2 protein chains.
Amino acid sequence: MGRWEPDARERLVRAALDLFGEQGYENTAVAQIAERAGLTKSTFFRHFRDKREVLFGGQDELAEVLTTGIAEAPEGAGPLAAVGAALVAVSAWFTDAQRAYGPQRQAVIAGNDELRERAALKMVGFAVAMTDALKRRGVAELEAAVAAELGVLAFQRGYDAWLEAGGDFGEITRRTLRDVREAASSLEGAE
Amino acid sequence: MGRWEPDARERLVRAALDLFGEQGYENTAVAQIAERAGLTKSTFFRHFRDKREVLFGGQDELAEVLTTGIAEAPEGAGPLAAVGAALVAVSAWFTDAQRAYGPQRQAVIAGNDELRERAALKMVGFAVAMTDALKRRGVAELEAAVAAELGVLAFQRGYDAWLEAGGDFGEITRRTLRDVREAASSLEGAE
DNA sequence: CATCGTGATGGGACTTGGTCTCATCACGGT
DNA sequence: ACCGTGATGAGACCAAGTCCCATCACGATG
């Protein structure tokens with residue numbers, strides 16, 4: 001029973017999200033998540049490296065999409081334009097289904113240190129991925145790092161705005177990236 | 001015996017650093033660290049929230065120093081100048097003793113995922129602290145976030161350079177912050 | 001139709017991080 | 001000599017995460 005039913009991974013994610021919402025992240029044991037999904041602890045850890053990762057599934061693929069998005073940006077595009085292209089390329093990943101669970105997910109993450117820590121690591125991962133991709137385009141290292149960091153900032157703000165209001169993720173992040181760029185240039189003047 | 005000898009916390013840090021270097025972070029149990037320090041597991045967890053934290057001691061105070069450094073920057077100073085002042089204010093923290101253990105510490109952190117995760121969280125903590133401090137100075141939120149992020153970038157690069165070459169931490173980060181700012185402004189032109 | 005290989009699962013032993021509680025000891029002050 | 005305080009020791013306890021092996025469903029093959 002339960003065995004061989006499809007979408008084990010997805011079932012685990014839903015069970016985890018529900019339980020975290022009901023009792024909080026810390027009061028939920030992995031065995032409990034697995035049980036609600038009709039599986040066992042062993043199987044849980046076969047699908048996710050650790051308990052935290054169940055909330056960050058697919059985020060590693062996302063880094064790859066960012067990488068190829070930058071690599072395939074038009075030749076003449078500057079670093080920030082390439083970052084913008086990557087943010088647009090990633091918008092296919094953010095479906096309505098994603099958006100439905102977004103707020104619940106965000107609330108759980110915000111309420112727990114371990115999870116905020118994992119989120120921070122993911123963002124660093126994005127920044128590193130974009131930095132490397134930019135360097136492979138011939139961008140100097142420091143410029144690449146700065147552009148990537150601003151890109152992550154735009155990504156985060158865009159994601160929040162997208163959760164709030166919906167719409168096209170690419171279009172939204174294009175706006176937030178422009179805002180970030182303007183904020184950066186206003187800093188120069190203030191010196 | 002062992003009991004009531006001074007500097008328990010420091011002894012734990014040294015024991016941990018040594019053992020991590022000898023056997024790696026993952027192959028070292030907390031009980032073993034405590035034993036080498038002449039203490040017990042209980043005492044270890046009284047001094048550090050978890051096993052990772054033994055490598056990040058005092059980093060929370062550092063965030064506070066950054067905060068006050070920004071708050072006490074000259075009135076007319078722009079956001080980036082305030083960040084620069086904070087980086088200088090923090091240089092008292094980086095003594096030669098700190099620098100002696102720096103490379104060993106960095107190597108251990110680089111070789112383990114959990115530790116890189118914790119390091120990422122600390123950097124986010126710095127960014128948040130500086131962002132908040134800048135907002136309290138009347139800087140708009142987005143400008144504050146961008147300035148803080150650039151400040152963290154400069155901090156990281158400055159720290160690496162300081163470990164490598166030594167010298168005055170404040171002076172070094174002042175240079176890296178200038179480089180970061182120039183890189184940012186060169187991005188504008190490339191659009 | 002029987003067999004076999006493969007891949008996903010179940011199950012349980014085991015280590016270790018981390019929490020909690022209570023007893024114990026050193027020190028300073030009275 | 002007594003007492004209060006604060007840091008430590010000791011051990012029970014829970015859950016995360018690892019490991020190993022048995023088990024089962026499915027598709028391919030003969």
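Residue numbers start from 1 in every chain, and the chains themselves are labelled A, B, ... in the order their sequence lines are given, proteins ahead of strands. Keep in mind the model is a prediction, meaning the values are calculated, not measured.
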Over how many whole Å does the gap from [X] atom [atom1] to [N] atom [atom2] extend?
X	N	atom1	atom2	answer
B:D50	D:dA15	CG	C1'	15 Å
A:R52	C:dG17	CZ	P	14 Å
B:R46	C:dC20	CZ	P	12 Å
A:N27	C:dT19	CG	C1'	14 Å
B:Y25	C:dG17	OH	P	8 Å
B:E26	C:dT16	CD	P	13 Å
A:E53	D:dA16	CD	P	16 Å
B:L12	D:dT8	CG	P	9 Å

Would you mind telling me which of [options] lies closest to the side-chain atoms of [X]?
X	options	result
B:A29	C:dG17, D:dT18, D:dG9	C:dG17
B:T43	D:dC20, D:dT8, D:dA12	D:dT8
A:L39	C:dG17, D:dG17, C:dT9	C:dT9
A:K51	D:dA10, C:dG18, D:dA16	D:dA16

Can the positive tip of B:R105 be found less than 6.0 Å from the middle of the six-membered ring of B:F20, inside 45° of the ring normal? no
Got a donor-acceptor contact below 3.5 angstrom from the [X] side chain to the [Y] backbone?
X	Y	value
A:K41	A:A29	no
B:R52	B:E114	no
B:R157	B:D179	no

For B:H47 and D:dT8, is the shortest distance between a side-chain N/O and OP1 or OP2 below 4.0 Å? yes
Might you work through the side-chain contact (heavy atoms from CB on, under 4.5 Å) test for A:M123 and A:F155, ending with a clear yes or no? CA-CA 9 Å; A:M123 291 302 140; A:F155 172 84; 3.9 Å; yes
With distance as the sole criterion, do the side chain of B:K41 and the base of D:dG9 form a donor-acceptor contact below 3.5 Å? no
Is any side-chain N or O of B:S42 under 3.5 Å from a base N or O of D:dG9, one able to act as donor and the other as acceptor?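 Looking at the base of D:dG9, it does not pair with any donor or acceptor on the side chain of B:S42 (distance under 3.5 Å).
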